[in-house]
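Below is one structure, written out as C-alpha cells; comments come after it.
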Amino acid sequence: MTTETTTAKNDRDIVWIASAATAVALGTVFASNQAVSRDANGFVFHISAWTILAFAIGAAIGVAYWKIVAMNWDGKASPLLRVASFVLLLVGIGAFLSPLRFLPTDQFPDVAKGLGMDVIVLSLLGLLMWRVFTYFGKDEGTVDANKSKPDSDSDTK
C-alpha cells in the first residue's frame, strides 16, 4: 500500500469515526431535549415515537455535517462548510441553554452568573487550543517549506 492510499484510508477512517460520534451525540441531544418534560414531581422522560424521530434527525444532521467536511478535506472552507459549522455551533449553544426552560425565575440570576463563567472558561480554553494548534501548524509549515527548497550547495556544484 502506498503512502497516498494509506493517508486516504486514514482520512476516511477519521471522518467515519467523527461522523458516527457526532451522529450519536446530536441524536442523543435532540432525543433527550424532546423527551424531557416537567411535572409536579420534577423532571420526567417520556420516550415516544417523537423521541426516536428526534434522535434520527439529530443523527442525520451529524452525518450530513461530516459529509460536508469530507467534501472540503483539502483545507479550503467552502461557504457551505462555513454555514454548516455555524449551524452546528448554534445547535451546540441551544443544547447548552435548553435546560434554562425548566429554571424557576427566582434562580435565574445565580444560574446566569454560572453560565457566564462557563462561557468565559470555555472561550479561554478554545483560545488556548487555537493558539497551540496554530503554533505547531506554523512550525510544520516551516519544515515543509524547507524540504521543498532545493539545496543551494547542490545548485552550485
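Computed from a predicted model, the values in this text were never measured in an experiment. The first residue of the sequence shown is numbered 1, and numbering continues consecutively from there.
Linking ILVMFWY side-chain heavy atoms closer than 4.5 Å, directly or via other members, places Ile68 and Ile14 in a single hydrophobic cluster. Cluster membership for Leu88 and Ile57, using ILVMFWY side-chain heavy atoms within less than 4.5 angstrom, is shared. In the hydrophobic clustering of this structure, Ile61 groups with Val69; members are Ile, Leu, Val, Met, Phe, Trp, Tyr whose side-chain heavy atoms approach within less than 4.5 Å, directly or through other members. Under the 4.5 Å side-chain heavy-atom criterion for grouping Ile, Leu, Val, Met, Phe, Trp and Tyr, Leu115 is not connected to Ile120 through any hydrophobic cluster. Tracing side-chain contacts under 4.5 Å through hydrophobic residues (I, L, V, M, F, W, Y), one reaches Val111 starting from Ile93; they form part of the same cluster.
The two residues Pro99 and Ala95 come nearest to each other via the heavy atoms CD-O, 3.6 Å. Taking all atoms of both residues into account, the shortest heavy-atom contact from Thr134 to Arg131 is OG1-O, 3.0 Å.
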For a side-chain contact (heavy atoms from CB on, under 4.5 Å) check, start with the C-alpha distance between Leu53 and Phe30, then their side-chain angles and the critical distance, and finish with the verdict.
CA-CA 9 Å; Leu53 179 63; Phe30 277 50; over 6 Å; no
Before giving the answer on side-chain contact (heavy atoms from CB on, under 4.5 Å), spell out for Val91 and Leu26 the whole-Å C-alpha distance, their side-chain angles and the decisive distance to 0.1 Å.
CA-CA 9 Å; Val91 167; Leu26 283 179; 3.8 Å; yes
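In this structure Phe102 satisfies the ring pair (Phe, Tyr, Trp, His ring centres under 6.0 Å) test together with Phe43, sequence neighbours excluded.
Interatomic distance, CG of Leu128 versus OG of Ser123, reported as 12.5 Å (0.5 Å rounding). Atom CG of Leu97 is separated from atom CG of Leu103 by 11.5 Å, given to the nearest 0.5 angstrom.
Annotation: side chain of Asn72 is not in contact with side chain of Leu80 (no heavy-atom distance under 4.5 Å).
The number of heavy-atom neighbours closer than 6.0 Å to CZ of Phe108, taken from other residues, nucleotides and ligands shown, is 12 or below.
For the side chain to side chain donor-acceptor pair (under 3.5 Å) condition, the pairs that include at least one residue of residues 48-71, sequence neighbours left out, are Thr22-Trp66, Gln34-Thr51, Tyr65-Ser85. Legend: salt bridge (Lys or Arg N to Asp or Glu O under 4.0 Å) pairs involving residues 88-116, not counting sequence neighbours: none detected. Applying the salt bridge (Lys or Arg N to Asp or Glu O under 4.0 Å) rule to pairs touching residues 10-21 yields Lys9-Asp13, sequence neighbours excluded.
Its side chain within the 4.5 Å cluster rule, Leu125 clusters with Met129, Phe133 among the Ile, Leu, Val, Met, Phe, Trp and Tyr residues. Residue Ile17 is found in a hydrophobic cluster whose other members, listed by chain and number, are Trp16; membership requires side-chain heavy atoms under 4.5 Å apart, directly or through intermediates.
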